[in-house]
Amino acid sequence: MLAVSLNPGFVLALAAFAVLAAPQSMRPATIAAAAAGAMYLLLDRDFGAASAVAQMGLTVVLLNLDALSQVFGIAFIAALLLLALYSAPRRSRFEDAAILLLAGGAVSALFVGDLVSFVAAASVAGLAAVWVVLASPLPGANGAGVRLLIWHGLEGLLFLAGVAFHLSSGSAKNEFERLDTASLGGGFIFAALMIRVGAPLAHVWLRDSISHASGAGAVALSVFSSMFGVYALARMFPSEPLLVPIGMAMIVIGALYAAAEDDLRRAAAYALTAQTGVCVTLIGIGSPVALAGAAAHAFTSIFAFALIQMALGAVVMKRGNVRASEIEGLSQAMPMSAVFLALGGLAISATPGFSLYISHAVALDAAAHWDLRLIWSLFAALPALMIASLAIRPALLAFRPALKRPPFAEAPFLMQLAAALATFLSAAVGFNPTWLYRLLPTNGLAFAPFTLDRLAPQLELLGAAGAAYVAIRAVRLVPKERALRLLDVDALYRGPIAGAGRWSGAVMLRIYGAAQTVVSRLADRGRAGFTALAQRCDRPYADSWAGAAQLGVICAVLVIILIARR
Amino acid sequence: MTQIELTPRRGVAGIVFVLCLLLGGAGLALDLLRPHAPAFWPAALPGARALIGVGGALVVVAAMYVLRFAFGQRASEEGGRDARRLP
């Protein structure tokens, strides 16, 4: 049998160009065929590196497969298959190509075996993410795309500087290995990955881009952006102690903002930050179980967040936004989307039966030590916050009948089918966890998530949180939903700093204008002076003093010539 | 003239509450009745997850009040302070 040594991501990236030229009816089929081809290349190959080539003294390994890249690759490509279905009803050639290129960049980065190729693939994925946002038809997408371009530009610069410092440090090693944050190269690459995973202060790009992307774009950004950063951290910075506080801060910020946001897509993006924080913390803990848990949690989060973003995206497609303050009566107009929204909320809350539960149980087990008790408590409390803010709260609003039936129809059938398949995948992995555990990097993980000591506390936690939230709401202690947006760190650079830039620009323009006026006036005066002088020189005898002056000059020149000749 | 509300406006809060209560109750009962290993931390004791769950719901409500009060902005002001082209 012919063994093909091709990075699966390259197939997706090449298909992106084919999609640009394909007619609308062929685009979903092209995406699905590319994803199927990539999956075949991934599953057909044994672990190990393909042949390496030398370029400019560096070893370039374009294909290197191992358990870690395989588990992320399967999740990415399966999510792309769902996206092919989900994106079929709408017409956006550029967005389809951008999504495929984003997937191609991310999948390529999973399977390359050297730092330079990794940075190149990550940069392609970053630029494609910007293209996804710019291709969105929603208002404000252009501004969000430019802001994302700045974030990914900064990330790319940090990557490049890190790789350059790493290669120049003397080790001259281009292959993937554990990096040290104390070294200059390692520090720069670590900083770049902090942007990618959405660490505190850099977490706003994810919320900003997801809330301005189209429905399909938001699903793609949820799947291929921050979770790709988790893979890179697991590859290059396992057991890095710095990751523990960073991940914990991500959990806290993500969970609190998800609770308070009115725009449900932003809330889901914050929830993704919180679940990414769980992965980051587990990588920081660094034990074999924790590392396996991080990979498993990334895998399950991909499907759970794809599901909720699909449900939210369907609503956005029909009515332009999906604010908690405006979704009352949603179930009357879009019953299936409302059901998928509730199921997505349950899926991201680690409800038993959904896939996130089986990785959350591993995460809890990895942190069940006295010295990690705060981490364990955060992990334990997170599903309670998620179920209250993203499952119960939207469900109560969406299933409350409105006085007047909302004037829009249900989402197209293929979008519903994609959401149903995402639910099925999430539930299939949730009910059959050994399939995922066998794929994990620690040569499989022997873990039983459905034992009574793990299942009963989780049911107790979710039930208590849900009942408490409904009870608090019943006594009208929950604040009324209002159309608002919450300021975050980006309020600084979109607010005072942008304002300062705008006003300093205005002041500079005024100074420039004043300087131009002064120069123009001086030039006018000079021109007038020279014109007058030239006119006087043209008429040497019109003024007595000018004629005398010229006569004097001529005499002086003649005297000098005579003296010189002697 | 008084407007009569024709559409029933009952939501699913009651059903959700009962379901959560059943789920939580079953979980709590199983948690309390199962044989216990020594807990590494009080929050891992049987029944403690119910308290964590209630605490989580309270934190959600508190976050809604505090964050909206401190950082809330009308939705129509989206991008209102972004740098833009000068007139």
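Per chain, numbering begins at 1; letters A, B, ... match sequence-line order. What you are looking at is a predicted structure, and each value in this text was computed from that prediction instead of being measured.
- Across every non-hydrogen atom of A13(B) and R473(A), the tightest pair is CB-NH1, 4.5 Å.
- When heavy atoms are compared at a cutoff of 4.5 Å, A26(B) does not approach chain A at all.
- Applying the salt bridge (Lys or Arg N to Asp or Glu O under 4.0 Å) test to pairs two or more places apart or on separate chains, none has a residue in residues 36-56 of chain B.
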Validation: residues 457-472 of chain A side-chain donor-acceptor distances under 3.5 Å, sequence neighbours left out:
residue: Q458(A); atom: NE2; partner: A350(A); partner atom: O; Å: 3.0
residue: E460(A); atom: OE2; partner: A50(B); partner atom: N; Å: 3.0

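- Neither the backbone nor the side chain of I387(A) comes within less than 4.5 Å of any heavy atom of chain B.
- For A62(B), no part lies near chain A; criterion is any non-hydrogen pair under 4.5 Å.
- For the side-chain contact (heavy atoms from CB on, under 4.5 Å) with F71(B), the lone residue among L484(A), D488(A), L487(A) that qualifies is L487(A).
- Contacts of A144(A) with chain B are absent, with no heavy-atom separation under 4.5 Å from either backbone or side chain.
- Put simply, the side chain of V12(B) does not reach to within 4.5 Å of the side chain of R400(A), judged on heavy atoms.
- Between R68(B) and E261(A) no salt bridge is recorded (no basic side-chain N to carboxylate O distance below 4.0 Å).
- Residue I392(A) touches chain B through its side chain alone, counting heavy-atom pairs closer than 4.5 Å.
- Between L256(A) and V59(B), some side-chain heavy-atom pair lies under the 4.5 Å cut-off.
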